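I have placed the structure first, in the form of structure tokens, so that the comments after it can refer back to it.
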Amino acid sequence: MAMAFNEEDELLGRVYDRALAARLLRYVRPYRRAVWIAVVLLLFIAGLELVGPLIIREAIDGQIAQGRTDRLAPLTAVFVGSLVLLSALRYSQELLMVYVGQRVLMDMRLELFTHLQRMSVSYFDRNPVGRLVTRLTNDTAAIEAVVSQGLVTIFTNLLMLVAIVGMMLVLDWQLALVMYALLPPLVIVVRYFAAKQRDLFREQRMWLARINAYLNETITGITVVQLFNRERENLRRFDERNRGHLSAHLRFLMWYAVFEPTVVLFGAVTTASIIWYGGGRVIDASLTIGTLVAFTAYMQRFYWPLREISQRYSGIQQAMASAERIFGILYEPEEMAD
């Protein structure tokens with residue numbers, strides 16, 4: 001049974017729900033062809049991301065280190081061409097997923113609006129209009145963001161991580177072990193920051209729903225407010241809700257601002273460790289400088305998908321909370337059947 005409308009706004013920390021995800025996929029299904037094309041494009045993108053460091057290694061070890069330049073121009077052309085093709089594929093993929101996300105947003109809002117028009121007047125007495133407006137605007141927008149930027153991107157980033165891990169082991173397993181030894185603390189920190197951001201985002205949503213509900217009550221009842229000279233008291237109550245939203249948003253920004261430099265710091269420490277250990281092996285001639293440069297490039301690429309996954313994971317959980325609220329309305333029985 002769906003929880004009461006007033007109670008669900010207070011709920012924080014909802015986790016991924018498979019049943020809700022299945023309901024959301026119903027809105028994506030009409031555009032599955034565009035989604036599959038985007039997935040194929042992302043596979044090509046992941047492959048091209050792996051090509052660059054290999055070209056750099058070949059240019060350093062096969063040409064520069066040997067004092068040759070006969071193949072340097074073709075290698076440079078291939079490197080630039082891969083970047084141009086990568087940019088074109090990224091543009092096409094993002095355009096497709098934004099199109100799908102916007103169509104899903106439109107379909108969901110139309111269904112929700114149509115359903116609300118069929119509810120009885122007593123339903124709107126039980127449920128503040130401001131909260132219903134939040135469902136139609138903010139909650140549906142959260143779902144659109146996940147559809148256009150989240151689900152397919154997470155799949156691609158996971159694929160990228162697996163591919164990069166494999167390439168690192170192929171290049172030099174000893175360097176790979178040095179890097180992997182430093183990963184567990186980073187994973188713990190990323191999960192902790194993602195959980196904090198998720199909770200604070202939900203708190204923002206709670207305050208935003210309160211603001212919308214109070215605005216609706218005040219504006220629709222402005223005659224009563226002025227008749228009883230309640231302007232100052234209403235301002236105080238609105239200020240309380242506004243400050244609550246501001247406080248939650250500032251705390252969210254604080255955690256978000258700390259998160260990015262923390263990941264960058266881990267990346268810097270790992271890079272320094274790899275250069276220190278790999279540089280010694282280059283001097284001992286047990287490792288080529290081209291392999292060290294390529295490994296460092298892969299390592300930099302490794303941290304980007306990790307950050308993306310943590311952010312998208314938080315976004316998916318936010319969308320699950322929004323979806324639960326939206327479906328809580330859609331599954332209310334229509335009271336104006338005739």
Side-chain angles (χ1 to χ4, degrees), residues 1-14 102 105-146 196-256 314-315 317-336:
M1 181 178 179
M3 66 178 59
F5 196 85
N6 290 347
E7 291 174 359
E8 66 179 357
D9 275 334
E10 310 299 323
L11 183 61
L12 300 177
R14 286 287 300 180
Q102 289 296 316
L105 176 65
M106 184 187 73
D107 294 344
M108 186 172 287
R109 279 180 175 165
L110 284 174
E111 183 177 351
L112 193 58
F113 184 79
T114 302
H115 181 73
L116 286 173
Q117 288 189 106
R118 294 171 180 164
M119 305 304 287
S120 67
V121 175
S122 62
Y123 177 82
F124 297 96
D125 291 335
R126 297 192 307 268
N127 301 284
V129 176
R131 285 187 176 132
L132 297 177
V133 171
T134 302
R135 300 297 167 264
L136 269 164
T137 54
N138 298 82
D139 284 324
T140 52
I143 293 173
E144 182 274 333
V146 169
K196 282 289 184 182
Q197 291 176 39
R198 180 185 67 246
D199 293 342
L200 288 171
F201 181 87
R202 296 179 191 282
E203 188 177 345
Q204 286 183 66
R205 282 296 175 84
M206 180 190 73
W207 283 109
L208 186 61
R210 289 178 177 178
I211 288 172
N212 287 339
Y214 193 73
L215 277 173
N216 178 74
E217 293 168 4
T218 301
I219 294 173
T220 55
I222 192 65
T223 304
V224 177
V225 171
Q226 294 175 347
L227 183 64
F228 288 91
N229 195 27
R230 284 183 54 87
E231 291 90 345
R232 188 167 296 178
E233 174 62 18
N234 282 24
L235 177 61
R236 184 192 66 79
R237 294 187 179 186
F238 180 75
D239 183 62
E240 177 184 316
R241 289 160 174 77
N242 213 23
R243 288 181 183 276
H245 181 266
L246 174 64
S247 175
H249 186 65
L250 289 177
R251 281 182 284 130
F252 173 83
L253 289 178
M254 182 196 72
W255 282 100
Y256 184 80
S314 178
Q317 291 199 330
Q318 294 160 12
M320 288 301 106
S322 297
E324 184 181 34
R325 295 179 177 118
I326 290 171
F327 290 128
I329 297 175
L330 289 174
Y331 291 146
E332 285 277 346
E334 295 180 358
E335 298 160 331
M336 301 293 290

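Starting from 1, each residue takes its place in the sequence as its number. Predicted, not measured: the structure shown is a model, and the values here were computed from it. Excluded from the calculations below are hydrogen atoms, water molecules and symmetry mates; all remaining heavy atoms, backbone and side chain alike, are included.
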Problem set entry | Considering all heavy atoms, the nearest His115-Leu330 contact | CE1-O, 3.4 Å

Problem set entry | Nearest non-hydrogen partners of Thr140 and Ile326, listed with the distance | CG2-CD1, 3.6 Å

Exercise. Side chains of Asn234 and Phe238: closer than 4.5 Å at any heavy-atom pair?
Worked result: no

Problem set entry | Nearest heavy-atom neighbours spanning Trp207 and Ala248 | CD1-CB, 4.2 Å

Exercise. Can you tell me how far CD1 of Ile211 sits from CG of Leu215, rounded to the nearest 0.5 angstrom?
Worked result: 7.5 Å

Problem set entry | Nearest-0.5 Å distance, CG of residue Asp107 to CG of residue Leu112 | 12.5 Å

Exercise. Does the side chain of Arg230 reach to within under 4.5 Å of the side chain of Arg237, using non-hydrogen atoms?
Worked result: yes

Under 3.5 Å, which donor-acceptor pairs link side chains of residues 220-228 to any protein atom two or more places apart or in another chain?
residue: Thr220; atom: OG1; partner: Asn216; partner atom: O; Å: 2.6
residue: Thr220; atom: OG1; partner: Glu217; partner atom: O; Å: 3.3

Exercise. What's the spacing between Arg243 CZ and Leu250 CG if we round to 0.5 Å?
Worked result: 11.5 Å

Exercise. Under 4.0 Å between a Lys/Arg side-chain N and an Asp/Glu carboxylate O for Arg236 and Glu233?
Worked result: yes

For this session: Report the distance from atom CG of Asn242 to atom CZ of Arg210, rounding to the nearest 0.5 Å.
Result: 13.0 Å

Seminar exercise, completed: In this structure, CD of Glu240 is separated from CG of Leu235 (nearest 0.5 Å) by 12.0 Å

Exercise. Who are the ring pair (Phe, Tyr, Trp, His ring centres under 6.0 Å) partners of Trp255, not counting sequence neighbours?
Worked result: Tyr192, Phe193

Exercise. How would you list, by chain and number, every residue that makes a side chain to side chain contact (heavy atoms under 4.5 Å, CB included) with Phe113, sequence neighbours excluded?
Worked result: Gln117, Leu136

